[in-house]
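What follows is a set of notes on a single structure, which appears directly below.
These numbers come from a predicted model, not from an experiment. By convention here, the first residue in the shown sequence is residue 1.
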Amino acid sequence: MQTTNLAELYDLDPLDWSAVVAGLNTGFPQAPGTGGPDRHTCWLATIDPDGSPHVTAVGALWVDGAFWFETGPRTRKARNISRDPRCTLSVALDTFDLSVNGAAERVTDPGTVAQRAADWAGEGWPCRVDESGTALTADFSAPSAGPPPWYVYRIAVRAATALSTVEPGGATRWRFDEPR
């Protein structure tokens, strides 16, 4: 892992990646009134066919050292990822703002899809695995997810940048030798 202190100019120490992971591991519920600036929203940026960015909110999870999200196969984000998996995901938490770069990959392993369904259900979205065993369904989802089925994606994180929102502050970028 390569660490770059972006706040060296202010004589601040680099942030500790393990502290960022510990903050993510505590979870970040996304319903209003459950934390952060009244809630936490993850923003996913994908690449449109013309090279311009497409940014949209997603209900992402941080599990097993990776970000996970779901979307329908006909959505703009799914079509973009199918063509070019490079993406970024950003979230503002209580003590830091984080943006990660990586590649999104669709997950089709039935056990993993079932575990993510259980994780999302535990966060308050009552989804379940559909009859295919490789996608999700529910009575509702965000309008931007399109109709079911919803596919599960994992972002293999290649780089991350965090900005501390508490004293003494700091800003650090990490590049990982192996995607996380």
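- Here F96 contributes atom CZ and S164 contributes atom OG; the two are 9.5 Å apart, rounded to the nearest 0.5 Å.
- The minimum heavy-atom distance linking C127 with A121 is given by the pair O-CB, 4.3 Å.
- Here D119 contributes atom CG and W68 contributes atom CH2; the two are 9.0 Å apart, rounded to the nearest 0.5 Å.
- For an aromatic pair to be called close, the ring centres must be under 6.0 Å apart, and W125 with W150 satisfies this.
- A92 and D97 make their closest contact through CB-OD1, 3.3 Å (heavy atoms, listed as atom of the first residue, atom of the second, distance).
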Next on the checklist: Show, in sequence, the C-alpha distance, side-chain angles and deciding distance for W120 and L61, and conclude whether the side-chain contact (heavy atoms from CB on, under 4.5 Å) test is met.
Outcome noted: CA-CA 8 Å; W120 271 299; L61 296 171; 3.5 Å; yes
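- Contacts classified as side-chain hydrogen bond (donor to acceptor under 3.5 Å, both in side chains) and involving residues 2-11 (residues at least two apart or in different chains) are not found.
- Between A78 and P73, the shortest heavy-atom distance links the atoms CB-O, 3.8 Å.
- For residues 164-174, there are no salt bridge (charged side-chain N to carboxylate O under 4.0 Å, His left out) pairs, not counting sequence neighbours.
- Once rounded to the nearest 0.5 Å, the distance linking CD1 of I81 with CD1 of I47 reads 10.0 Å.
- Every pair passing salt bridge (charged side-chain N to carboxylate O under 4.0 Å, His left out) that includes a residue from residues 81-93 is listed here, sequence neighbours excluded: D84-R86.
- Side-chain atoms of V152 and L136, non-hydrogen and from C-beta on, do get closer than 4.5 Å to each other.
- Between the side chain of N101 and the backbone N or O of R158 there is no donor-acceptor pair closer than 3.5 Å.
- Minimum heavy-atom separation, R175 to A159: NH1-CB, 4.0 Å.
- Summarising the geometry of A60 relative to F67, their closest heavy-atom pair is CB-CD2, 4.3 Å, with the distance given to 0.1 Å.
- Between V129 and P110 the shortest side-chain heavy-atom distance does not fall below 4.5 Å.
- With hydrogens and angles ignored, the 3.5 Å screen pairs no side-chain donor or acceptor of D48 with any backbone N or O of G51.
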Item to check | Worked check of side-chain contact (heavy atoms from CB on, under 4.5 Å) between Y151 and T71 | outcome: CA-CA 5 Å; Y151 296 154; T71 193; 5.8 Å; no
Next on the checklist: Show, in sequence, the C-alpha distance, side-chain angles and deciding distance for T26 and W62, and conclude whether the side-chain contact (heavy atoms from CB on, under 4.5 Å) test is met.
Outcome noted: CA-CA 9 Å; T26 63; W62 174 262; over 6 Å; no
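- The cationic group of R106 does not satisfy the cation-pi geometry with Y153, failing either the under 6.0 Å distance to the six-membered ring centre or the 45° limit from the ring axis.
- Under the 4.5 Å side-chain criterion, counting only non-hydrogen atoms from C-beta, D139 is in contact with R128.
- Taken to the nearest 0.5 Å, the CG atom of L24 stands 6.0 Å off from the CG atom of L98.
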Next on the checklist: As a quick check of understanding, evaluate side-chain contact (heavy atoms from CB on, under 4.5 Å) for K77 and L44, giving each step before the final call.
Outcome noted: CA-CA 8 Å; K77 59 186 160 283; L44 177 72; 4.0 Å; yes
Checklist entry - Would S99 and S90 count as a side-chain hydrogen bond (donor to acceptor under 3.5 Å, both in side chains) if you check the C-alpha gap in whole Å, the side-chain angles of each, and the deciding distance to 0.1 Å? => result CA-CA 4 Å; S99 181; S90 301; 3.2 Å; yes
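- With respect to the salt-bridge test (charged N to carboxylate O, under 4.0 angstrom), the residues D64 and R154 do not qualify.
- The shortest heavy-atom contact between A145 and E70 is CB-OE1, 4.0 Å.
- For the pair T137/P149, no side-chain contact is recorded, criterion being any heavy-atom separation below 4.5 Å from C-beta on.
- Atom CG of residue L6 and atom CG of residue L163 lie 7.5 Å apart, to the nearest 0.5 angstrom.
- W174 places none of its side-chain heavy atoms less than 4.5 Å from the side chain of T161.
- Put simply, CG on L12 and OG1 on T172 are 9.0 Å apart, with the number rounded to the nearest 0.5 Å.
- The six-membered or imidazole ring of W17 lies near that of F176, with a centre-to-centre distance under 6.0 Å.
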